[in-house]
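Working notes, structure below.
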Amino acid sequence: MLAYRIGYGEDAHRLEASRDLWLGGLKIPGSPHGALAHSDGDAVLHAVADALLSGLALGDIGQYYPDTDPANAGLDSATILRRCLALAREQGYVPLNVALVVTLDRPKLGALRGDIAASLAALLELDMAEVGVSFKTSEGLAPAHVQVRVTVLLGRVDV
Ligand code: C5P
Ligand code: MG
């Protein structure tokens, strides 16, 4: 029998001028602002990590990395994602494809679509063609806000 699971994750952060903008493990060059967060604020990696956990009913990243714990300050979000990938593997599952939507008014990200997909694919050990990256503006409704929504398909490797 084939075994598949679907995961869904979201993340949002306030944007501030003093911060770097990280998305999918990539530092966005020339961004006028970045996510205000306890960690590096990479909303793509946080949402993907939550999607992996949700697909396997393993809770969410806040349970593993509480933002009240000083040890998590400035944490590299790739570390969080790698741990969630390892938790999925412990259940016998690996991600098969990922689809994500970044809602952000500026900067425009279209030119970086391939770079973000490649960075995320490398972290997830997927091909770039298995990582769908879409961008939306908020149409000015949330100019100081970045929002990411992610679905992931997980497949069991040992069936
Ligand atoms: O949100 P909206 O439909 O107006 O987005 C129009 C286009 O702008 C889309 O093709 C999207 O890929 C692109 N876009 C972008 N960078 C963003 C937001 C949207 O390249 N930060
Ligand atoms: Mg976050």
Side-chain angles (χ1 to χ4, degrees), residues 4-56 59-67 72-85 88 93-155:
Y4 295 108
R5 306 290 289 257
I6 292 174
Y8 178 76
E10 293 193 5
D11 195 31
H13 285 274
R14 175 187 296 279
L15 295 166
E16 292 216 336
S18 58
R19 301 273 302 183
D20 290 327
L21 180 63
W22 288 87
L23 291 170
L26 194 75
K27 187 165 143 183
I28 305 302
S31 179
H33 46 202
L36 184 65
H38 195 60
S39 68
D40 61 24
D42 191 320
V44 168
L45 297 190
H46 296 170
V48 173
D50 262 352
L52 292 170
L53 295 179
S54 95
L56 297 165
D60 63 59
I61 56 173
Q63 293 171 252
Y64 300 90
Y65 297 97
D67 63 8
N72 295 330
L75 190 64
D76 175 3
S77 297
T79 303
I80 299 175
L81 182 61
R82 283 195 198 95
R83 177 157 174 210
C84 293
L85 202 53
Y93 283 85
V94 292
L96 299 178
N97 81 296
V98 176
L100 66 93
V101 181
V102 179
T103 304
L104 178 74
D105 281 3
R106 45 182 203 124
K108 286 290 183 189
L109 294 169
L112 295 172
R113 193 185 314 268
D115 292 336
I116 293 172
S119 173
L120 187 55
L123 287 166
L124 292 171
E125 298 178 28
L126 290 173
D127 290 336
M128 255 178 82
E130 294 159 339
V131 178
V133 179
S134 305
F135 305 115
K136 297 300 291 182
T137 67
S138 78
E139 298 288 355
L141 293 172
H145 188 240
V146 58
Q147 170 98 41
V148 179
R149 300 173 175 93
V150 175
T151 55
V152 61
L153 179 66
L154 295 139

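Values in this document were obtained by computation on a predicted structure and should not be read as measured data. Atoms within each ligand, like the ligands themselves, are counted from 1 in listed order.
Under the 4.5 Å side-chain criterion, counting only non-hydrogen atoms from C-beta, L120 is in contact with L81. Using a 4.5 Å cut-off on side-chain heavy atoms (C-beta onward), P29 and L112 make contact.
Here the rule is ring-ring contact (aromatic ring centres under 6.0 Å, His included) with H13, and of H145, H38, H46, H33 only H46 fits it. Of the candidates I80, D67, D42, L75 forms a side-chain contact (heavy atoms from CB on, under 4.5 Å) with just one, namely I80.
No more than 12 heavy atoms of other residues, nucleotides or ligands lie within 6.0 Å of CD1 in I6, so this atom counts as exposed by the packing criterion. Dense packing is recorded around OH of Y8, with more than 12 heavy atoms of other residues, nucleotides or ligands lying under 6.0 Å away.
Closer than 4.0 angstrom to ligand 1 sit non-hydrogen atoms from L104, P107, K108, L109, G110, R113, F135, K136, T137, E139.
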